[in-house]
Amino acid sequence: MQDRMSRKPQASTLPQEDHVSAWPGRWASLALLTAACALAVVLPDPARAGDAEAGAKVFKTCAACHNVDTDKKKVGPSLKGVIGRQPGSAPDFAYSKAMVEFGAGKTWDVALLTQYLASPRDVVKGTKMAFAGLKKPEDIDNVIAYLQGFSAPQ
């Protein structure tokens, strides 16, 4: 019994440098996987590319309150150049405090518009926009494709 307790722990059967040298490759693999996941979240899904012509038809619902081809406001702000613009920053429009606060440090892009157009009041609690949102993902994709035609290329 005493003999077992006094023994030193056995060293690994692998040389020490084998343990250490394996890590750089593992870290590189982890870094690549992390980068790939980040790109998948940021880049739009090409399978979900919208149809601008179909988006023009869906936008008729929006046209009651928004212009897209001029900078002139209606009940809502002009959406001309909306993609690439900070939310709550169109000139000559009195935004709700909620929209201005929401827009701080953000830019309207495909991902943010996709989220917002599905349910504006859930994304920006306190927004003045009364519209409940577009329920069909293809309608959202199509409206965004339409809006891209009136925005600077990103």
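Count residues from 1 along the sequence.
For Ala98, the side-chain contact (heavy atoms from CB on, under 4.5 Å) partners are Ser96, Val124, not counting sequence neighbours. Under the rule for a ring pair (Phe, Tyr, Trp, His ring centres under 6.0 Å), Phe102 has no partner lying at least two apart in sequence or in another chain. Shown here are the ring pair (Phe, Tyr, Trp, His ring centres under 6.0 Å) partners of Phe131, two or more places apart in sequence or in another chain: there are none.
Of all heavy-atom pairs spanning Pro120 and Gly133, the tightest one is CD-CA, 3.7 Å. Summarising the geometry of Trp108 relative to Gln86, their closest heavy-atom pair is CD1-C, 4.2 Å, with the distance given to 0.1 Å.
Legend: salt bridge (charged side-chain N to carboxylate O under 4.0 Å, His left out) pairs involving residues 97-120, not counting sequence neighbours, sorted by first then second residue: Lys97-Glu101. The stretch residues 122-131 participates, sequence neighbours left out, in these side chain to side chain donor-acceptor pair (under 3.5 Å) pairs: Ser119-Asp122.
Listed for the Lys74 side chain is no donor-acceptor partner under 3.5 Å among the backbone atoms of Ala64. Judged by distance alone, with hydrogens and angles left aside, the side-chain atoms of Tyr95 form a donor-acceptor pair with the main-chain N or O of Ala90 at under 3.5 Å. Using modelled atom types, no side-chain atom of Lys72 and backbone atom of Asn67 make a donor-acceptor pair closer than 3.5 Å.
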message: Could you walk me through whether Leu113 and Val143 satisfy the side-chain contact (heavy atoms from CB on, under 4.5 Å) test, starting with their C-alpha distance in whole Å, then the side-chain angles of each, then the deciding distance to 0.1 Å, before giving a yes or no?
response: CA-CA 10 Å; Leu113 278 170; Val143 165; over 6 Å; no

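Atom NZ of Lys80 sits about 13.0 Å away from atom CG of Leu147, to the nearest 0.5 Å. Considering CD1 of Ile144 and CD1 of Ile83, their distance stands at 6.5 Å, rounded to 0.5 Å.
Proximity of Pro77 to His66: side-chain heavy atoms (C-beta onward) are separated by under 4.5 Å at one or more points. Using a 4.5 Å cut-off on side-chain heavy atoms (C-beta onward), Leu112 and Pro87 make contact. Contact annotation: the side chain of Val110 approaches that of Gln148 to within less than 4.5 Å [non-hydrogen atoms, C-beta and beyond].
Cluster membership check: Val68 does not share its hydrophobic cluster with Val75, using side-chain heavy-atom separations under 4.5 Å among Ile, Leu, Val, Met, Phe, Trp and Tyr.
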Which donor-acceptor pairs under 3.5 Å do the side chains of residues 51-61 make with protein atoms, sequence neighbours left out?
unit_1: Asp51; atom_1: OD1; unit_2: Glu53; atom_2: N; d: 3.0
unit_1: Asp51; atom_1: OD1; unit_2: Ala54; atom_2: N; d: 3.4
unit_1: Thr61; atom_1: OG1; unit_2: Val58; atom_2: O; d: 3.3

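The only member of Asn142, Ile140, Asp141 that meets side chain to side chain contact (heavy atoms under 4.5 Å, CB included) when paired with Leu134 is Ile140.
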